[in-house]
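In listed order, ligands and their atoms are each counted from 1.
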Amino acid sequence: MKMENDTIDYPMLEAVNLSKRYEDGVLALDHVSFEVKPGEIFVMLGGNGAGKTTAINIFLNFIEPTEGEAKINGISTHLDPLRAKELAAFVSENVMLYENFTALQNLDFFASVGGKNGYTRKDYRDALLRVGLSEEAHDKKLRNFSKGMRQKCGLAIAIVKDAPAILLDEPTSGLDPQAGHEFIKLLDSLRGEGRAILMSTHDIFRAKEIADTIAILNNGRIIMQKDASEIAGRDLEDLYLQYMAGHNSEIESPTIAGV
Ligand SMILES: Nc1ncnc2c1ncn2[C@@H]1O[C@H](COP(=O)(O)OP(=O)(O)O)[C@@H](O)[C@H]1O
Ligand SMILES: [Mg+2]
């Protein structure tokens, strides 16, 4: 798929009244709506249990919504999962890579599954080098990879799949500061190519560093959504705590009014 950065003004990723009630009755997502355009990074910020993973899992059709839908380039992920999945690459804490395959073999496998044939070994090597995996790692089995290396391998797959949509669940948790920074820089360069990126995090610092839009999720609802320009120069941690305080008490705190 050709991606151009200039004239695009349609959602690549879209949540429309997305709701999920698990079988045990837990309402994990409660009418969540947002969109992510090509060339944008949308960050879901929230604590444990906020509903972040649930939202991402619906985009990947690992689970179905109970109401509303998630769409990738207009394609409903639960009504047309195969077509939707072709457009998306997924990088998670437990990246779904084959442990007994080398990095090169994983790339080859996922490129083929994604319908991309005709790549050479050099193309794979270039993708792995681009994400910062040095030559000696290319022929190592994934089971010997650190978390940071797995994440990079996941992004290399996104690159060879030429996926216009990239979904990441807590991608920087557990990475040391240097690895976290490198990973964020990579996301920035993928955004520059016009990919739409949806990521979850509980890390306020990383959210502010990379997001075009930040949505604070709490109890399955978006309780705040702001563009980077509205947050610039403000203390996101203060903002986060204020919003959380407002939503966890019956009476909305007066300091929140007008924020
Ligand atoms: N498979 C499941 N069955 C029942 N409840 C679940 C399941 N997965 C998550 N939940 C619940 O849904 C809510 C949201 O969870 P999750 O999406 O994992 O949040 P986050 O990723 O933000 O930590 C939590 O209350 C969690 O306990
Ligand atoms: Mg989670």
Side-chain angles (χ1 to χ4, degrees), residues 13-36 41-72 76-78 81 84-85 88-97 147-148 150-151 154-155 158 165-175 179-180 183-184 187 196-226 231 236-237 239-249:
L13 293 162
E14 197 178 6
V16 186
N17 274 323
L18 201 56
S19 299
K20 175 68 184 181
R21 191 181 287 281
Y22 285 105
E23 288 69 17
D24 59 3
V26 172
L27 186 59
L29 276 182
D30 186 4
H31 297 89
V32 164
S33 297
F34 61 79
E35 56 181 58
V36 194
I41 298 181
F42 187 98
V43 173
M44 291 186 285
L45 177 66
N48 289 335
K52 306 180 297 295
T53 298
T54 298
I56 286 177
N57 284 349
I58 294 173
F59 273 98
L60 296 162
N61 194 44
F62 293 159
I63 53 175
E64 294 203 351
T66 34
E67 218 184 298
E69 60 183 343
K71 296 198 271 189
I72 305 181
S76 169
T77 56
H78 70 287
K85 269 189 204 171
F90 175 48
V91 181
S92 85
E93 167 119 33
N94 314 298
V95 199
M96 296 178 308
L97 302 168
K147 175 174 174 185
R150 280 158 203 271
Q151 304 266 54
L155 279 188
I166 301 178
L167 299 120
L168 309 104
D169 197 7
E170 304 273 1
T172 57
S173 75
L175 297 187
F183 196 82
I184 289 292
L187 291 185
I197 298 174
L198 171 62
M199 64 175 268
S200 75
T201 187
H202 54 244
D203 184 335
I204 289 174
F205 171 71
R206 294 294 175 205
K208 190 164 178 177
E209 189 180 18
I210 193 68
D212 293 294
T213 305
I214 295 179
I216 297 178
L217 221 62
N218 183 40
N219 284 331
R221 288 196 199 152
I222 293 180
I223 59 169
M224 185 215 86
Q225 183 174 323
K226 287 189 186 298
I231 290 165
L236 182 58
E237 189 171 31
L239 210 54
Y240 178 82
L241 293 173
Q242 278 179 29
Y243 273 90
M244 294 298 283
H247 280 266
N248 289 332
S249 62

**Report entry** Contact flag Asn48/the Mg ion (ligand 2), N/O/S atoms, threshold under 2.8 Å
**Finding:** no
Query - Identity and separation of the nearest protein heavy atom to atom 16 (P) of ligand 1 - result: Thr54 OG1, 3.7 Å
**Report entry** Residue part near ligand 1, for Asp24, under 4.0 Å between non-hydrogen atoms
**Finding:** side chain
Report summary line: The side chain to side chain contact (heavy atoms under 4.5 Å, CB included) partner of Leu198 among Leu13, Ile72, Asp169 is Leu13
Query raised in the report: N/O of Ala28 under 3.5 Å from N/O of ligand 1, yes or no?
Result: no
Report task. Could you tell me the separation between the OG1 atom of Thr53 and the CD atom of Glu170, rounded to the nearest 0.5 Å? Result -> 6.5 Å
Report task. Do me a favour and list the nearest non-hydrogen protein atom to atom 18 (O) of ligand 1 with residue, atom name and distance? Result -> Thr53 CB, 3.8 Å
Query raised in the report: Rounded to the nearest 0.5 Å, how far apart are CG of Leu236 and CZ of Phe205?
Result: 11.5 Å
Report summary line: heavy-atom search around atom 14 (C) of ligand 1 in the protein gives Gly49 O, 3.4 Å
Query raised in the report: Nearest to atom 11 (C) of ligand 1, what protein heavy atom do you find, and at what distance?
Result: Val26 CG1, 3.8 Å
**Report entry** Residue pair Asn57 / Lys20, side-chain heavy-atom distance below 4.5 Å
**Finding:** no
Query raised in the report: Tell me, which protein residue and heavy-atom name are nearest atom 1 (N) of ligand 1, and how many Å apart are they?
Result: Tyr22 CE2, 3.6 Å
Query raised in the report: Do Val43 and Thr213 come within less than 4.5 Å of each other through their side chains, counting heavy atoms only?
Result: no
Query raised in the report: Nearest to atom 19 (O) of ligand 1, what protein heavy atom do you find, and at what distance?
Result: Gly51 N, 3.1 Å
Report task. Check whether any protein heavy atom sits under 4.0 Å from atom 7 (C) of ligand 1. Result -> yes
Query raised in the report: Would one find an N or O of Asn48, backbone or side chain, under 3.5 Å from an N or O of ligand 1?
Result: no
Query - Heteroatom distance test (Ala50, ligand 1): nitrogen or oxygen, under 3.5 angstrom - result: yes
Query raised in the report: Does some non-hydrogen atom of Ala55 fall short of 4.0 Å from ligand 1?
Result: no
